[in-house]
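See below for the structure under consideration.
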Amino acid sequence: MRSRLAEARKALGDRHVKLVSVEIGQNPAAAVYVRNQQRAAAEVGIEMEVQNLPLGSGQPDLLRSIDDLNRRDEVAGIIVQRPLPPGIDPRVVQSAIDPHKDVEGMHPANMGAILYREPMLPPCTAAAAQLLIQSTGLDLRGAETVVVGHSEIIGKPIAILLLHHLSTVTVCHIGTRKLVDHTRRADILVVAVGKAGLVHGDMIRPGACVIDVGINQGPDGRIVGDVDFASTVDVAGFLTPVPGGVGPVTVAMLLRNTLRAAGAAV
Ligand code: NAD
């Protein structure tokens with residue numbers, strides 16, 4: 001995907017393609033993401049500018065900065081790093097970004113568009129899950145697909161994108177009575193909850209395609225997903241590792257959206 005993106009970048013020629021990340025202060029959790037994004041952007045040939053507003057900046061300051069970026073022609077894409085400090089409403093902030101520069105695909109216009117079709121700028125993690133499933137060559141049409149997690153930015157858009165492919169989609173969440181009854185039926189299982197070890201190998205249908213979106217800190221400080229890798233790896237037909245699975249593909253989707261926002265057909 002990155003080499004395809006690098007080709008698409010080249011095809012844009014001398015055009016400026018800039019991705020700007022905005023953050024208030026410098027959050028250590030966000031720093032890892034920003035570094036990964038910078039490295040991947042450089043590899044593809046996209047310039048990335050990082051703006052750190054002073055600690056103590058409020059919503060009006062952030063909105064002013066977004067307004068400025070919305071007006072700058074060379075800026076193709078804008079990312080607002082989370083977590084945002086208390087008192088700042090992420091929905092207000094995301095809605096302030098020009099939908100054509102909303103490369104995270106979280107503006108209500110881009111979110112809404114996925115109900116009708118695949119939007120130009122889809123939410124990155126959902127697009128990554130879809131791409132990973134498609135890369136297996138499995139036929140989504142009629143497949144029993146179970147999505148665990150129903151958040152606005154992950155679970156719901158994943159379910160809708162897979163529905164477009166005529167998958168039979170079940171969405172599970174905190175209110176689901178017996179999770180295992182659903183997961184065991186799944187040809188394709190996407191887990192996006194944020195609970196380490198929520199899904200074990202004995203909850204999975206042999207040969208299933210398992211996409212682990214979760215990012216959690218394990219007991220020994222290491223990053224782990226929502227799926228217990230050791231008990232699942234020999235049962236599943238496909239399994240994405242954490243780290244190194246959905247995460248890097250999500251970054252690739254962010255860069256794809258940036259190139260699309262700059263006018264590339266990719
Ligand atoms: P969220 O907290 O907004 O949503 C969690 C979802 O899990 C909710 O729908 C909730 O109903 C459901 N849930 C909670 N407990 C459950 C249980 N016991 N059984 C079934 N469902 C349960 O979280 P989110 O923002 O959607 O993020 C989910 C995970 O994805 C987190 O670990 C987050 O760090 C990770 N994430 C990964 C990427 C990536 O690129 N890989 C990007 C963003 C977030």
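Whatever order the structure lists ligands and atoms in, that order sets their numbers, starting from 1. One is the number of the first residue; the rest follow in order along the sequence.
- Looking from atom 15 (N) of ligand 1 to the surrounding protein, the closest heavy atom is K195 NZ, 2.9 Å.
- Contacts of V193 with ligand 1, taken as heavy-atom pairs under 4.0 Å, involve both backbone and side chain.
- Near V148, meaning under 4.0 Å from one of its heavy atoms, ligand 1 places the atoms 20 (C), 21 (N).
- For ligand 1, the atoms closer than 4.0 angstrom to any heavy atom of S151 are 3 (O), 4 (O), 9 (O), 24 (P), 26 (O).
- Residue-ligand proximity: A192 is placed with a non-hydrogen atom under 4.0 Å from ligand 1.
- A side-chain donor-acceptor contact under 3.5 Å links H107 to the backbone of A109.
- With hydrogens and angles ignored, the 3.5 Å screen pairs a side-chain donor or acceptor of D61 with a backbone N or O of G58.
- At the shortest separation from atom 8 (C) of ligand 1 among protein heavy atoms lies H150 ND1, 3.6 Å.
- The protein non-hydrogen atom at the shortest distance from atom 40 (O) of ligand 1 is T250 OG1, 3.1 Å.
- The nearest pair of heavy atoms linking L121 to D102 is CD1-O, 3.6 Å.
- Of the options E152, E104, H173, R82, the smallest heavy-atom separation from atom 21 (N) of ligand 1 is shown by H173.
- Of all the listed residues (I154, V246, I211), I154 holds the heavy atom that lies closest to atom 43 (C) of ligand 1.
- For ligand 1, the atoms closer than 4.0 angstrom to any heavy atom of G149 are 6 (C), 7 (O), 9 (O).
- Residue L198 places a heavy atom under 4.0 Å from ligand 1.
- Q59 places a side-chain N or O within donor-acceptor distance of the main-chain N or O of D89, the cut-off being under 3.5 Å.
- Donor-acceptor pairing under 3.5 Å is recorded for the side chains of S231 and D228.
- Residue contacts with ligand 1: I215 is placed with a nitrogen or oxygen under 3.5 Å of a nitrogen or oxygen of the ligand (distance criterion only).
- Linking Ile, Leu, Val, Met, Phe, Trp and Tyr residues whenever their side-chain heavy atoms come within less than 4.5 Å leaves V50 and I97 in two separate clusters.
- The main-chain N or O of I211 is never found under 3.5 Å from a side-chain atom of T240 such that the two would form a donor-acceptor pair.
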| Stepwise salt bridge (charged side-chain N to carboxylate O under 4.0 Å, His left out) test for D68 and R64 | CA-CA 6 Å; D68 171 55; R64 247 193 314 278; over 6 Å; no
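- Looking at T125 against ligand 1, only its side chain comes within 4.0 Å, counting heavy atoms.
- Listed by number with element, the atoms of ligand 1 under 4.0 Å from a non-hydrogen atom of G194 are 29 (C), 31 (C), 32 (O).
- For ligand 1, one of its N or O atoms has an N or O atom of I174 under 3.5 Å away.
- Of the N or O atoms in D226, none lie within a sub-3.5 Å distance of an N or O in ligand 1.
- Of the protein's heavy atoms, V213 O, 3.1 Å lies nearest to atom 37 (C) of ligand 1.
- The shortest heavy-atom contact between N52 and G25 is ND2-O, 2.8 Å.
- Under a hydrophobic-cluster definition in which Ile, Leu, Val, Met, Phe, Trp and Tyr are linked whenever side-chain heavy atoms come within less than 4.5 Å, directly or via other members, L19 and V22 are assigned to different clusters.
- Shortest non-hydrogen contact noted between C124 and N257 is SG-ND2, 3.8 Å.
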